[in-house]
Amino acid sequence: MCGVTTSDAPSDLPLDLPGYQHVYSGKVRDLYAPVDSQGEVDPDRLLLVASNRLSAYDWMMAPEIPDKGAVLTRLSLWWFDQLSDLVPNHVVSTDVPAVVAGRAVLVRRLEMLKVEAIARAYLTGGGLEEYRAKGSVSGVRLPEGLVDGSRLPEPVFTPTTKAPVGEHDLPMTPAQVEAELGVEVAAEMSRLTRAILVRGNEIASRRGILIADTKVEFGLCPDGSGGLVLADEVLTPDSSRFWPADQWAPGHPQPSYDKQFVRDWLTSPESGWDRSSGEAPPELPPHVVEQTREKYIEAYERVTGAPF
Ligand code: PZK
């Protein structure tokens, strides 16, 4: 099944899509395989469906965020175009079943590389922890005095393992990545991931959004050339930390472009939720759902300069 693992149960009932069978569900996206009238699976294609599900603090929220899947799908498609001179991508067509129209893409089925390709342009999260402990991130020595939210001199490649859903990805050393992919593919993955984040910030920062870091997935071109192909989603608020540029103030955690209303409400007395309780969070009230939907749309419109 070329790059698709099936270790985890879907968090929702898979859709009944005519001409497709369900393959796998992640937290917020689902994969289907096209089948012909004989019931034969097309080995070269997958249907990638973006749901309206949202996670925060490692919990899935209810209810869903209307239009989220369509916004992120259109944003990824726009970025694939913006990046097409840097790297080929897996997109084949947006001609998909009506029930998922606008939030699904037919893609080339690739042999996926078993490394999460992450680059960081600003220091926060796991990168900040590693810097505080060692003064370096993924083996790259950094200047002294950096704080939460500091801009890095240049983007750093900070790859991780791909853990199954529910488990956390672990940092990989350059030697581990080279052992997994070979020296040449490892170097190409690092170069491309950093170039994608540089291009992303050249475009987004002019429009009021900083992209602190991003996670991309690559597959190998099925022609056997060994070339890398950009897959999955790219430079979306789900795969990247988007920060409002006008609120950027290094020295403390930055507000999240898309999830801040959800986080603020969940940690406010109004929600009645204790994050440390281990209990599921309560349902989001309508105003939080609507504000969050508007932030996703605003991110799309700002980055692309086009109305959603
Ligand atoms: C692939 N994922 C992650 C994404 C999920 C899981 N073009 C491709 N070829 C082969 N495999 C994949 C892709 C892509 N993209 C992507 N896992 C496998 C993923 C969305 C939903 F459930």
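Each ligand, and each atom within it, is numbered from 1 in the order the structure gives. Quick caveat: nothing in here was measured; it's all calculated off a predicted structure.
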J.: Find all atoms of ligand 1 within a distance of less than 4.0 Å from any non-hydrogen atom belonging to Arg108, and give their numbers and elements.
T.: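 Counting atoms of ligand 1 from 1, those under 4.0 Å from Arg108 are 7 (N), 8 (C), 9 (N).
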J.: Under 3.5 Å between any N/O of Arg109 and any N/O of ligand 1: does that happen in this structure?
T.: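 There is no such contact.
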J.: Show which atoms of ligand 1 fall inside a sub-4.0 Å distance from at least one heavy-atom site of Gly26.
T.: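 Counting atoms of ligand 1 from 1, those under 4.0 Å from Gly26 are 5 (C), 22 (F).
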J.: Donor-acceptor pair, Tyr131 side chain versus Pro143 backbone, under 3.5 Å?
T.: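 Checking the backbone N and O of Pro143 against the side chain of Tyr131, a donor-acceptor pair under 3.5 Å is found.
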J.: Do the ring planes of His22 and Tyr32 sit parallel (below 30°), tilted (30 to 60°) or perpendicular (above 60°)?
T.: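 The arrangement is perpendicular - the two ring planes meet at more than 60°.
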J.: How far apart are the closest heavy atoms of Ala50 and Thr73, and which atoms are they?
T.: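 Heavy atoms only, the tightest pair is CB-OG1, 3.4 Å.
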J.: What atoms of ligand 1 come closer than 4.0 angstrom to any heavy atom of Tyr24?
T.: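 That gives atoms 5 (C), 6 (C), 22 (F) of ligand 1.
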J.: Which of the atoms in ligand 1, numbered in the order shown and given with their element, are less than 4.0 Å from a heavy-atom of Ser25?
T.: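 The atoms of ligand 1 under 4.0 Å from a heavy atom of Ser25 are 22 (F).
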J.: Have Thr236 and Asp238 got a donor and an acceptor in their side chains that come within less than 3.5 Å?
T.: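 Checked: Thr236/Asp238 side chains show no N/O donor-acceptor pair below 3.5 Å.
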J.: Is a side-chain donor or acceptor of Arg199 paired with a backbone partner of Gln82 at a separation under 3.5 angstrom?
T.: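 Yes; at least one donor-acceptor contact below 3.5 Å.
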J.: Would His90 count as being in polar contact with ligand 1, using the rule that some N or O on each side must be under 3.5 angstrom apart?
T.: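 So ligand 1 has an N or O lying under 3.5 Å from an N or O of His90.
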J.: Check whether any N or O atom of Ala231, backbone or side chain, sits under 3.5 Å from an N or O atom of ligand 1, and answer yes or no.
T.: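 N/O-N/O distance under 3.5 Å: no.
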J.: Under a 4.0 Å heavy-atom limit, does Asp232 contact ligand 1 with its side chain, its backbone, both, or neither?
T.: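 Both backbone and side chain of Asp232 come within 4.0 Å of ligand 1.
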J.: Could you check whether any side-chain N or O of Thr124 sits under 3.5 Å from a backbone N or O of Gly149, counting only pairs where one atom can act as donor and the other as acceptor?
T.: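 Answer holds: no.
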J.: So does Ala62 get a backbone contact from the side chain of Glu64, meaning a donor-acceptor N/O pair under 3.5 Å?
T.: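 No, Glu64 side chain to Ala62 backbone: no donor-acceptor pair under 3.5 Å.
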J.: Can you list the atoms of ligand 1 that are under 4.0 Å from a heavy atom of Val107?
T.: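 Those qualifying, in numeric order: 7 (N).
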J.: Is Asp30 touching ligand 1 with its side chain, its backbone, both, or neither, if touching means heavy atoms under 4.0 Å apart?
T.: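 The backbone, only.
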J.: Looking at Leu48, which atoms of ligand 1 are within less than 4.0 Å of one of its heavy atoms?
T.: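 Checking each atom against Leu48, I get 4 (C), 15 (N), 20 (C).
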J.: Would you please say whether a donor-acceptor pair under 3.5 Å links the side chains of Thr158 and Ser138?
T.: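 Note: Thr158 and Ser138 side chains miss the donor-acceptor criterion.
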J.: For ligand 1, is any non-hydrogen atom under 4.0 Å from Glu111's backbone (N, CA, C, O), its side chain (CB onward), both, or neither?
T.: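 None of Glu111 does.
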